[in-house]
Amino acid sequence: MESPCGRSFMQVLCEKYSPENFPYRRGPGAGVHVPAGPQVSPMKDRLNLPSILVLNSCGISHAGEENEIAAFCSHVSELDLSGNQLDSWQEVSKIVSNVPQLQFLNLSSNPLYMSVLERECAGSFSGIRKLVLNNCKVTWETVHILLLELPDLEELFLCLNDYDTIVSSPVCFRSLRLLHITDNNLQDWSDICKLGMMFPCLHTLVLANNNILMIGDSEESLSRLFPNLRSISLHKSGLSCWEDIEKLNALPKLEEVRLLGIPLVEPYSTEERRKLVIARLPSVSKLNGSVVTEGEREDSERFFLRYYMNFPKEDVPLRYQELVTKYGKLEPLAEVDLRPQNQASVDIHYEENVQTISVRLDQTVADFKKQLKTLVPLSTNNMRLYYLDHEAPFGPEEMKFTTRALHSYNVRDGDDKFYVEPKIK
């Protein structure tokens, strides 16, 4: 029988955790001992083999000696084999069947679509609680076989598998709590309904980067399909209608929503997006990863009322009337211009004459003196200028610094006075 091409699981394990590459553990019961035998691992001493093994992108294509796997890995609970060359479920089964404590298995980016998974083979996965099959291009038939043999599976990752539809199963899998199925080609909400029928106890559903165009179910149907859903991600979906967002209120246990990057919110500012979504989803306590505080909710709901108060009646959302009942009809916010004043009307006093002029407050004292040359018979070099702030307790202040801007004197429109006097030679 020809030896398989590529590297074996045991070969990579021994290389990575050899005494030269990985420190010894000291103390009673430390490490794993492999007895001598034909083709045994080059290990001759105890190894510091952790319970979490990360062997990603190591060129692994087959299992290697099963008795060695059993000897080394009886205590291993998590195993990352992503990015290898495993193209046979039989070889994966040889590894997994000899790791009795295994609960987490990551097989992402292995070409497992090249082999057929037999149900007898899938039985070796029965203890796994978290399974990652991202970018494996596995068929739904394979997924169903695994689900039938994994009675305690709680988390399943099926991202980047080019699914454009969901193939439903006649069996419900009630153990699953979390499903990541991002970055596929799903568009039709009827496919998402199939997930609800297959996984009625889902707490978290991550649908990001699927071009789902609308939520096609009625509110009654949604509550029946996802009675336990607490978190849903529709990040970068194709949703473009506020009614679809409002339908999420039908999910009886929903607490968290992710809705970034959808066409619906693109025309709005960042503040408007968040507030308009929060106001529409009264039960959601976390939006796009950030907690919604009680204060933020009240601000958002009040913002929502003012936002829609002048819309035509037919364009006002149903939520508007609910919030009117809660807060009453609000007055529009007063518009306050906080921009600095750039013009002021001031009195210019020279000898017995008083003239009222408009001055630019962004100009310097030197520029202001040039303006005054048209009002008083003095050159700028022979001009002393005083400013009287009507609230100042110490009288007029001489304006000695020619590069200082007028606004820095806190000049106010109509209240303040300037006095011009000739310099005494």
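Classified by interplanar angle (parallel below 30°, tilted 30° to 60°, perpendicular above 60°), the ring pair F418/Y387 is tilted.
Of all the heavy atoms in L287 and R274, the pair that sits closest is O-NH1, 3.0 Å. Heavy-atom minimum distance, E246 versus E219: O-OE2, 4.3 Å. Summarising the geometry of S82 relative to N110, their closest heavy-atom pair is CA-ND2, 3.9 Å, with the distance given to 0.1 Å. Heavy atoms only, all atoms of each residue included: L156 and L147 are closest at CD2-CD2, 4.2 Å.
Summarising the local packing, NZ of K194 is surrounded by more than 12 heavy atoms from other residues, nucleotides or ligands at distances under 6.0 Å. Atom NZ of K236 has 12 or fewer neighbouring heavy atoms from other residues, nucleotides or ligands inside a 6.0 Å radius. No more than 12 heavy atoms of other residues, nucleotides or ligands lie within 6.0 Å of CD in E141, so this atom counts as exposed by the packing criterion. Other residues, nucleotides and ligands contribute at most 12 non-hydrogen atoms within 6.0 Å of the CZ atom of F401. Counting non-hydrogen atoms of other residues, nucleotides and ligands closer than 6.0 Å to CD of E266 gives a total above 12. Within 6.0 Å of the CZ atom in R404, the count of heavy atoms belonging to other residues, nucleotides or ligands exceeds 12.
Ion pairing between R319 and E322 holds under the 4.0 Å rule for side-chain N and carboxylate O. A salt bridge links R302 with E298: the distance from a Lys NZ or Arg NE/NH1/NH2 to an Asp or Glu carboxylate oxygen falls below 4.0 Å. Between R119 and E149 there is a salt bridge, since at least one side-chain N of the basic residue sits less than 4.0 Å from a carboxylate O of the acidic one.
Taking the centre and axis of the six-membered ring of F304, the NZ or CZ atom of R280 falls outside the cone set by 45° and 6.0 Å.
Distance CG/L251 to CG/L229: 6.0 Å, rounded to 0.5 Å. Rounding to the nearest 0.5 Å places NZ of K137 at 14.0 Å from OG1 of T142. Atom CD1 in I181 sits 8.0 Å away from atom CG in L205 (nearest 0.5 Å). Rounding to the nearest 0.5 Å places CG of L259 at 11.5 Å from CZ of R273. In this structure, CG on L305 lies 10.0 Å from NZ on K326, to the nearest 0.5 angstrom. Atoms CG and CZ, from L117 and F125 in turn, are 6.5 Å apart once rounded to the nearest 0.5 Å.
No donor-acceptor pair under 3.5 Å is formed between the side chain of R258 and the backbone N or O of V206. At least one donor-acceptor pair closer than 3.5 Å links the side chain of H75 to the backbone N or O of L49. A donor-acceptor contact shorter than 3.5 Å is absent between the side chain of D164 and the backbone of L186. Checking side-chain atoms of S221 against main-chain N and O of S218 turns up no donor-acceptor pair under 3.5 Å. Between the side chain of K94 and the backbone N or O of E66 there is no donor-acceptor pair closer than 3.5 Å. Judged by distance alone, the side chain of N184 and the main-chain N or O of L158 form a donor-acceptor pair under 3.5 Å. The main-chain N or O of V167 is found under 3.5 Å from a side-chain atom of H144 such that the two form a donor-acceptor pair. Side chain of H235 to main chain of L260: a donor-acceptor pair is present (N/O by atom type, distance under 3.5 Å, no hydrogens or angles). Looking at N84, its side chain does come within 3.5 Å of a backbone N or O of C58 through a donor-acceptor pair. Between the side chain of S115 and the main chain of W89, a donor-acceptor pair closer than 3.5 Å is present.
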| request: Run the numbers on N209 and D183 for side-chain hydrogen bond (donor to acceptor under 3.5 Å, both in side chains), then give the verdict. | output: CA-CA 5 Å; N209 296 315; D183 297 277; 3.2 Å; yes
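Side-chain contact check for W242 versus V277: some heavy-atom pair is nearer than 4.5 Å. Put simply, the side chain of Y308 does not reach to within 4.5 Å of the side chain of V324, judged on heavy atoms. Side-chain contact between Y163 and V138: present, with at least one pair of heavy atoms (C-beta onward) separated by less than 4.5 Å. Proximity of L406 to Q363: side-chain heavy atoms (C-beta onward) are separated by under 4.5 Å at one or more points. Looking only at side-chain heavy atoms (C-beta outward), S51 and Q101 stay at 4.5 Å or farther from each other. At least one side-chain heavy atom of L79 sits under 4.5 Å from a side-chain heavy atom of F9. Under the 4.5 Å side-chain criterion, counting only non-hydrogen atoms from C-beta, K369 is in contact with L385. Side-chain atoms of C73 and L53, non-hydrogen and from C-beta on, do get closer than 4.5 Å to each other.
Looking only at atom types and distance, the side chain of N135 has a donor-acceptor partner in the side chain of S109 under 3.5 Å away. A donor-acceptor contact under 3.5 angstrom links the side chains of N228 and K253, judged on distance only.
Of the residues L222, L213, D244, the one that meets the side-chain contact (heavy atoms from CB on, under 4.5 Å) test with W189 is L222.
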